[in-house]
Q: 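The following block contains the structure, expressed as structure tokens.
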Amino acid sequence: MKTLFLDANAPDTAAIAAEIIRSGGLVAIPTETVYGLGANGLDENAVLKIFEAKGRPQDNPLILHVAQPGEMERFCHDIPESAYRLAEKFWPGPLTMVLPVKDIVPKRTTAGLDTVAVRCPDSDVTRRIIALAGVPIAAPSANISGKPSTTTAEHVRHDHDGRIDAIVDGGPCRVGVESTIVDLTEDRPRLLRPGGITPEQLIEVLGDLVVDKAVTAQIDKDAVVKAPGMKYRHYAPAEPVVIVSGSREKAAAYIHAHFTPGDRVLCFEEELALYADCAPLAYGREADVNTLSAGLFSALRILDDPGIHQVYARCPVGGGVAYAVQNRLKKAAAFHIVDAEAEA
Ligand code: AMP
Ligand code: MG
């Protein structure tokens, strides 16, 4: 298959991509979070192609992307008032809501759950594609399953060239980590995945939020969980990653004491000089956490190299968007964290 490369700014792009979606094909779409691998979310056969292209386990459901907030009513029933308030405040934007699903959505999209995840993304071209296609686009992140997510069209090309119908290049993703997922189907709203919309922002609107244990700990692969995707290994480069927490000085002392040739250090720009002899790679500035979220997956992809033995990673502290960066980095490290303060 020849993969078409479409510039988000070219006048025909939305129409061409929409036609591919309508006819059951796969299109990688830019969003503010990460690139998605999209298909007609109402067409079982088209959705199956997403799972095949990614090598994604079939019990890991997809997110349904809509062009306008009001469209959630086509796919969800018993929508609580809180969902409308969140949509009003954060859509289009990096927030996914889990709601009771209507029969119109095939089981393949929801992995057989009685809920569906919906999101209205903040990308003009992607919302135009959805509107022109006249169907919602089901899409997970466009990476090969288990690998770091795709935050540039080049990442998508690397993983899928020749295996999907088209890639729409909308430039690097602004947020860089996948959407925040909040489940609104239980008594209390539940955070299933942190992202660009922070827990603090959700609490401001909802007044309440439970954090699912999959956000903070490794879930056993045989566990029964609310969102099956949460139990799979994620975002992982080829070699082991260990997070080294603690002050700049203590972390540097620990890493220098353990570093051997062939290892790499994933750090903040402010720390590059400290690790000059430890093959450092910076993923953003500690002083601006948005640069860390935007740069994390590109950096993890550079480090996805079987020639590397071990990656020592520095992780931002605190809430807000840092909470999402911590979650992705901890998953990439399989929750392997060393406290340099305790080791010293
Ligand atoms: P990805 O963005 O690649 O991680 O894929 C979509 C994410 O949405 C996965 O983590 C899924 O587990 C999650 N998801 C999709 N549908 C549901 C649902 N009905 N309930 C909970 N989580 C969901
Ligand atoms: Mg993913």
Side-chain angles (χ1 to χ4, degrees), residues 26 28-39 41 47 50-51 53-66 72 75-79 83 94-103 105-119 121 126 136-151 155-156 159-160 173 175-186 189-197 210-215 219 221 223-236 293 296-297 300-301 304 324 327-328 331-332:
L26 292 185
I29 48 171
T31 80
E32 77 280 35
T33 59
V34 301
Y35 277 75
L37 187 55
V47 167
I50 297 175
F51 288 93
K54 276 183 62 93
R56 182 176 178 97
Q58 302 237 354
D59 67 350
N60 192 357
L62 309 179
I63 293 172
L64 214 48
H65 295 77
V66 296
M72 68 177 159
F75 312 111
C76 307
H77 64 85
D78 293 308
I79 301 174
L95 176 69
T96 296
M97 297 193 249
V98 173
L99 293 164
V101 67
K102 284 186 176 172
D103 287 342
V105 182
K107 295 263 177 257
R108 185 88 71 191
T109 300
T110 63
L113 299 174
D114 53 12
T115 57
V116 64
V118 276
R119 175 164 109 83
T126 289
I137 293 185
S141 54
N143 53 285
I144 297 289
S145 232
K147 287 297 173 186
S149 297
T150 37
T151 56
H155 293 163
V156 184
D159 284 14
H160 294 294
C173 299
V175 178
V177 293
E178 303 84 343
S179 57
T180 302
I181 305 183
V182 63
D183 179 6
L184 299 173
T185 64
E186 293 177 2
R190 176 179 291 265
L191 181 70
L192 300 181
R193 178 171 76 186
I197 301 299
V210 180
V211 176
D212 196 276
K213 67 176 189 303
V215 172
I219 301 296
K221 70 177 184 354
V224 177
V225 291
K226 182 81 197 178
M230 302 191 300
K231 71 190 178 196
Y232 294 110
R233 185 151 188 262
H234 259 110
Y235 319 124
S293 73
L296 179 63
F297 284 128
L300 288 176
R301 281 182 167 258
D304 183 23
N327 170 262
R328 302 310 191 278
K331 286 188 174 236

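Fair warning: this is a prediction, and the values are worked out from it, not measured in the lab. In listed order, ligands and their atoms are each counted from 1.
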Q: For ligand 1, which atoms, with element, lie under 4.0 Å from some heavy atom of Pro140?
A: 3 (O), 5 (O)

Q: Output yes when a side-chain donor or acceptor of Asp159 lies under 3.5 Å from a complementary backbone atom of Ile144, and no otherwise.
A: yes

Q: When only distance counts, is Glu178 in polar contact with ligand 1, meaning an N/O pair under 3.5 Å?
A: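 No.
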
Q: What do we get for Val34 next to ligand 1 when only non-hydrogen atoms under 4.0 Å count, side chain, backbone, both or neither?
A: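 It is neither part, as no heavy atom is under 4.0 Å.
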
Q: Just to be sure I'm reading this right: ignoring hydrogens, which of Arg193, Arg119, Lys54 gets closest to atom 7 (C) of ligand 1? Compare them by their nearest heavy atoms.
A: Arg193

Q: What do we get for Asp183 next to ligand 1 when only non-hydrogen atoms under 4.0 Å count, side chain, backbone, both or neither?
A: neither

Q: Using the side chain to side chain donor-acceptor pair (under 3.5 Å) criterion, which residues pair with His65? Sequence neighbours excluded.
A: none

Q: Hey, does the side chain of Thr150 reach the backbone of Val156 with a donor-acceptor pair shorter than 3.5 angstrom?
A: no

Q: Should you measure from each heavy atom of Ile63, which atoms of ligand 1 turn up under 4.0 Å away?
A: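 This gives 6 (C), 8 (O) as the contact atoms.
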
Q: Examine Ser141 and say whether one of its N/O/S atoms is closer to the Mg ion (ligand 2) than 2.8 Å.
A: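 Of the N, O and S atoms in Ser141, at least one lies under 2.8 Å from the Mg ion (ligand 2), which means yes.
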
Q: Within a distance under 4.0 Å of any heavy atom of Thr115, pick out the atoms of ligand 1 and give their elements.
A: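 Ligand 1 atoms under the 4.0 Å threshold to Thr115: 18 (C), 19 (N), 20 (N).
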
Q: Answer yes or no: is there a donor N or O on one side and an acceptor on the other, between the side chain of Arg56 and the main chain of Pro61, under 3.5 Å?
A: yes

Q: Can you list the ligand 1 atoms lying under 4.0 Å from a non-hydrogen atom of Ser141?
A: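 Checking each atom against Ser141, I get 1 (P), 2 (O), 3 (O).
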
Q: For Pro100, does its backbone N or O pair with a side-chain atom of Thr185 as donor and acceptor, under 3.5 Å?
A: no

Q: I need the single residue from Pro94, Pro140, Pro148, Ser149 that forms a side-chain contact (heavy atoms from CB on, under 4.5 Å) with Val34. Which is it?
A: Ser149

Q: Taking the basic N atoms (NZ, or NE/NH1/NH2) and the acidic carboxylate oxygens, is any pair closer than 4.0 Å for Arg119 and Glu32?
A: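 A salt bridge links Arg119 with Glu32.
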
Q: So is Asn60 polar-close to ligand 1, meaning N/O to N/O under 3.5 Å?
A: yes

Q: Under 3.5 Å, side chain of Lys54 to main-chain N/O of Ser141, donor-acceptor pair present?
A: yes

Q: Is ligand 1 under 4.0 Å from a heavy atom in the side chain of Leu192, in the backbone, in both, or in neither?
A: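 Answer for Leu192: side chain.
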
Q: What atoms in ligand 1 come closer than 4.0 Å to a heavy atom of Arg56?
A: 3 (O), 5 (O), 6 (C), 9 (C)

Q: Is Val98 close enough to touch ligand 1? Criterion: a residue heavy atom under 4.0 Å from a ligand atom.
A: yes

Q: State the atoms of ligand 1, each with its element, that fall below the 4.0 Å cut-off from a heavy-atom position in Ile181.
A: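 This gives 7 (C), 8 (O), 13 (C) as the contact atoms.
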
Q: Applying side-chain contact (heavy atoms from CB on, under 4.5 Å) between Thr180 and each of Thr96, Leu191, Leu192, report the one that passes.
A: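 When Thr96, Leu191, Leu192 are each tested with Thr180, the side-chain contact (heavy atoms from CB on, under 4.5 Å) holds only for Leu191.
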
